[in-house]
S.K.: 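Once you've had a glance at the structure underneath, I'll fire off some questions.
Keep in mind that the numbers below use all heavy atoms, side chains included, and drop hydrogens, waters and symmetry copies. These numbers were taken from a predicted model, which means no experiment stands behind them.
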Amino acid sequence: MYDVTSKKAEDFINHEEILETLAYADAHKNDMPLIEEILAKAAEKKGLDHREASVLLACEDKEILDKCFRLAEEIKQDYYGNRIVLFAPLYLSNYCINGCLYCPYHGKNKHIRRVKLTQEQIKEEVIALQDMGHKRLAIESGEHPEMSPIEYILESVNTIYGIHHKNGAIRRINVNIAATTVENYKKLKDAEIGTYILFQETYNKESYLKLHPTGPKHDYDYHTEAMDRAMEGGIDDVGLGVLYGLELYRYEFAGVLMHAEHLEAVHGVGPHTISMPRVKPAEDIDPDEFDGGISDETFAKLCALIRIAVPYTGMIISTRESEKVREMVLPLGISQISGGSRTSVGGYAKEESPEENSSQFDVSDRRTLDEVVNWLMRLGYIPSFCTACYRAGRTGDRFMELCKNMQILNCCHPNALLTLKEYLEDYASEDTRRIGMEMIQKEIGVIPNEKIRQKTSDYLNDIVAGGRDFRF
């Protein structure tokens with residue numbers, strides 16, 4: 001029985017409801033009066049439920065698809081403007097006791113080099129990231145009770161926050177680690193992490209159990225109910241995601257929307273972010289082994305419809321995707337991207353040789369952070385290194401209230417410019433600095449509130465004078 005308010009995974013991610021949703025979508029994918037009605041609701045920019053959005057996903061009419069793409073662009077602009085937040089992943093350890101068939105970290109892989117960073121090595125990695133200009137990290141680790149217990153994660157978070165190198169500082173750490181207990185989530189909250197991220201991989205329980213044959217991750221219910229425990233532990237910003245390619249994409253699409261609806265119904269706060277990864281080649285992993293792969297065109301459609309269905313959520317696309325694909329989906333709703341990423345353990349401070357491979361997956365976009373920043377500005381986006389919402393307590397329901405009322409831009413637009421100016425002053429190449437300075441002058445002029453515009457201008461002058469109080 002489908003029950004969005006239940007905290008049992010089998011109730012809020014109900015298999016029968018998803019199958020009925022897909023059947024309903026198939027039956028109505030050419031029902032133009034219904035589709036126009038759904039589009040009219042979507043145009044109110046308050047979101048769609050999983051059935052309504054699934055009808056649009058099933059529809060193959062080109063004119064309808066064009067309407068969806070235009071609407072996604074409007075919603076992205078109204079909620080998040082033209083800014084794109086930048087971050088980098090930091091892999092701490094690839095020791096893992098799980099048997100996930102799609103991940104090279106699986107315990108039976110004898111080819112991959114196993115590495116766990118010491119606190120001194122973490123410091124070296126963070127300094128390398130700070131020298132690029134990064135301010136926001138997402139730390140990653142395999143699941144292993146001895147090699148990466150919660151105490152190791154907490155110590156690493158404390159180490160990272162304590163490193164100030166030249167003008168650099170990591171201002172916010174998001175955490176992507178295995179599902180854990182309420183008590184451990186409380187510890188992560190006390191450590192002042194940003195968003196807790198956990199990918200479901202697949203919402204299809206039968207497929208999930210086959211893909212996770214051994215290890216604690218085999219427990220579908222414990223994994224799927226992790227976000228409820230995280231919120232019970234005080235973490236009010238959580239990030240969802242599935243790994244597209246493992247299961248049929250329409251099933252996963254309905255599942256992730258149902259999960260978002262559940263969090264909203266039970267906790268009053270939907271997902272802070274939804275990530276959009278696809279299966280990629282990696283050591284001991286061939287993505288062709290999975291039959292749920294999707295084309296770039298379908299991937300773009302998924303991005304657009306998630307933006308329409310969950311307009312308030314941040315959407316993330318990583319360097320798993322190529323420059324071409326990232327450019328295609330940026331206007332359709334993406335608000336965060338990684339840049340200059342390494343998916344190996346210890347890959348920032350020292351370049352790995354092929355024989356030393358410890359990567360989780362192949363990186364498709366290998367450009368430097370400076371090249372990514374330059375590219376974004378040439379496309380008309382403001383690269384943002386802002387973490388002010390976390391620092392000012394605008395998280396959870398406080399962030400959502402501003403975002404849903406389309407007021408978050410009053411905070412985000414000025415802070416994006418301020419953090420961009422910091423980056424340009426401290427790290428940018430000559431060409432990137434020139435383009436950025438021109439963009440900042442242009443963007444200041446479009447801030448509608450005169451008081452905010454003047455305050456932003458004053459702060460920008462302080463940065464030129466060398467002010468560094470890390471307020472942004």
Side-chain angles (χ1 to χ4, degrees), residues 69-88 132-136 138 273-276 296 299-300 303-304 306-307 311-341 364-389 403 406 408-429 431-448 453 456 460 472:
F69 279 13
R70 288 196 297 271
L71 182 56
E73 291 186 29
E74 289 179 19
I75 292 172
K76 163 62 168 59
Q77 190 64 32
D78 287 346
Y79 275 82
Y80 286 95
N82 62 336
R83 66 186 181 87
I84 299 292
V85 172
L86 288 153
F87 73 97
M132 293 183 201
H134 278 295
K135 308 296 183 188
R136 180 190 303 233
T273 58
I274 294 178
S275 296
M276 300 294 294
D296 292 346
F299 185 61
C303 289
I306 287 178
R307 171 52 64 215
Y312 59 80
T313 194
M315 288 181 63
I316 301 175
I317 188 167
S318 75
T319 50
R320 282 177 180 264
E321 299 297 338
S322 67
E323 174 185 346
K324 177 183 176 182
V325 171
R326 301 218 293 180
E327 185 168 331
M328 176 175 64
V329 299
L330 275 173
L332 301 178
I334 300 300
S335 58
Q336 294 187 31
I337 68 170
S338 51
S341 301
S364 296
D365 188 344
R366 297 179 177 275
R367 291 173 297 170
T368 66
L369 178 60
D370 187 81
E371 288 171 331
V372 171
V373 169
N374 190 302
W375 166 71
L376 286 173
M377 292 189 298
R378 289 181 183 276
L379 293 175
Y381 298 104
I382 305 171
S384 174
F385 296 87
C386 180
T387 59
C389 283
C403 191
M406 303 184 199
I408 197 67
L409 276 174
N410 289 333
C411 304
C412 295
H413 193 145
N415 283 334
L417 296 178
L418 292 165
T419 57
L420 173 59
K421 185 62 175 293
E422 284 186 330
Y423 174 83
L424 297 175
E425 291 285 335
D426 293 341
Y427 308 105
S429 64
D431 184 56
T432 298
R433 185 179 295 111
R434 176 185 59 79
I435 296 171
M437 294 301 187
E438 292 174 357
M439 167 169 270
I440 286 171
Q441 291 303 313
K442 174 185 174 184
E443 291 292 337
I444 288 177
V446 301
I447 295 176
R453 185 168 63 249
T456 303
L460 286 166
F472 310 120

S.K.: Are the side chain of S335 and the backbone N or O of M315 linked by a donor-acceptor pair below 3.5 Å?
M.R.: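 Yes; judged by distance alone, with no hydrogens or angles, the pair exists.
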S.K.: Out of curiosity, M437 CE to E425 CD, how far, rounded to the nearest 0.5 Å?
M.R.: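 Here the rounded value is 4.5 Å.
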S.K.: Between R326 and I337, is a side chain to side chain contact (heavy atoms under 4.5 Å, CB included) present by the stated rule, with each step listed?
M.R.: CA-CA 9 Å; R326 301 218 293 180; I337 68 170; 3.7 Å; yes
S.K.: At their closest point, which heavy atom of I382 faces which heavy atom of A416, and how far apart are they?
M.R.: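 So the minimum-distance heavy-atom pair works out to CG2-CB, 3.8 Å.
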S.K.: After noting the C-alpha distance and the side-chain angles of M276 and I306, does the key distance pass the side chain to side chain contact (heavy atoms under 4.5 Å, CB included) rule?
M.R.: CA-CA 10 Å; M276 300 294 294; I306 287 178; 3.5 Å; yes
S.K.: Just how far is it from atom CD of E323 to atom CH2 of W375, taken to the nearest 0.5 Å?
M.R.: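 Answer for the CD-CH2 pair, E323 versus W375, is 6.0 Å.
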S.K.: E438: which residues meet the salt bridge (Lys or Arg N to Asp or Glu O under 4.0 Å) condition with it, sequence neighbours left out?
M.R.: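 Salt bridge (Lys or Arg N to Asp or Glu O under 4.0 Å) check on E438 returns R434.
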S.K.: Which residues pass the side chain to side chain donor-acceptor pair (under 3.5 Å) test with E73, not counting sequence neighbours?
M.R.: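 Listed in chain order: nothing, the list is empty.
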S.K.: Nearest 0.5 Å, what's the NE2-CZ distance between H134 and F385?
M.R.: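 The CZ atom of F385 is 7.0 Å from NE2 of H134, to the nearest 0.5 Å.
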S.K.: Hey, could you give me the CZ/CG distance between R70 and L332, rounded to the nearest 0.5 Å?
M.R.: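 Taking CZ in R70 and CG in L332, the distance rounds to 12.5 Å.
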S.K.: Would you compute the distance between atom CD of Q336 and atom CD1 of I317 and round it to the nearest 0.5 angstrom?
M.R.: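 So the CD of Q336 and the CD1 of I317 are separated by 12.5 Å.
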S.K.: Which pair of non-hydrogen atoms, one from A304 and one from A72, has the smallest distance, and what is that distance?
M.R.: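 Looking at all heavy atoms of both residues, the shortest contact is O-CB, 3.7 Å.
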S.K.: Identify the two heavy atoms, one from Y80 and one from G314, that lie closest to each other, and give their separation to 0.1 Å.
M.R.: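 Closest approach of Y80 to G314, heavy atoms only: OH-N, 3.2 Å.
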S.K.: Specify the closest pair of heavy atoms between G339 and A88, including all atoms of both residues, with the distance to one decimal.
M.R.: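 Looking at all heavy atoms of both residues, the closest pair is O-CB, 4.3 Å.
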S.K.: Once you round to the nearest 0.5 Å, how far does OG of S384 lie from CZ of F87?
M.R.: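 So the OG of S384 and the CZ of F87 are separated by 13.0 Å.
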S.K.: Of D370, L418, L86, which meets side chain to side chain contact (heavy atoms under 4.5 Å, CB included) against Y423?
M.R.: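 Answer to the side chain to side chain contact (heavy atoms under 4.5 Å, CB included) test with Y423 among D370, L418, L86: D370.
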S.K.: Please tell me if the side chains of P311 and E74 come closer than 4.5 Å, counting only heavy atoms from C-beta onward.
M.R.: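 P311 does not reach E74 side chain to side chain.
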S.K.: The test is side-chain hydrogen bond (donor to acceptor under 3.5 Å, both in side chains); show your working for T319 and D365 and say whether it passes.
M.R.: CA-CA 5 Å; T319 50; D365 188 344; over 6 Å; no
S.K.: Can you spot which of N374, I84, L330, N82 makes a side chain to side chain contact (heavy atoms under 4.5 Å, CB included) with L379?
M.R.: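 The passing option is L330.
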S.K.: Please give me the minimum heavy-atom distance between M328 and A300, naming the atom from each residue.
M.R.: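 The pair with the smallest heavy-atom distance is CE-CB, 4.1 Å.
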S.K.: Considering all heavy atoms of both residues, which atom of A428 and which atom of R433 are nearest to each other, and what is their separation?
M.R.: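 Taking every non-hydrogen atom into account, O-NH2, 3.0 Å.
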S.K.: Below 4.5 Å, heavy atoms only, C-beta onward: do P383 and M377 meet side chain to side chain?
M.R.: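 Yes; the side chains approach each other to less than 4.5 Å.
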S.K.: Taking it one step at a time, do Y79 and R307 satisfy side chain to side chain contact (heavy atoms under 4.5 Å, CB included)?
M.R.: CA-CA 10 Å; Y79 275 82; R307 171 52 64 215; 5.7 Å; no
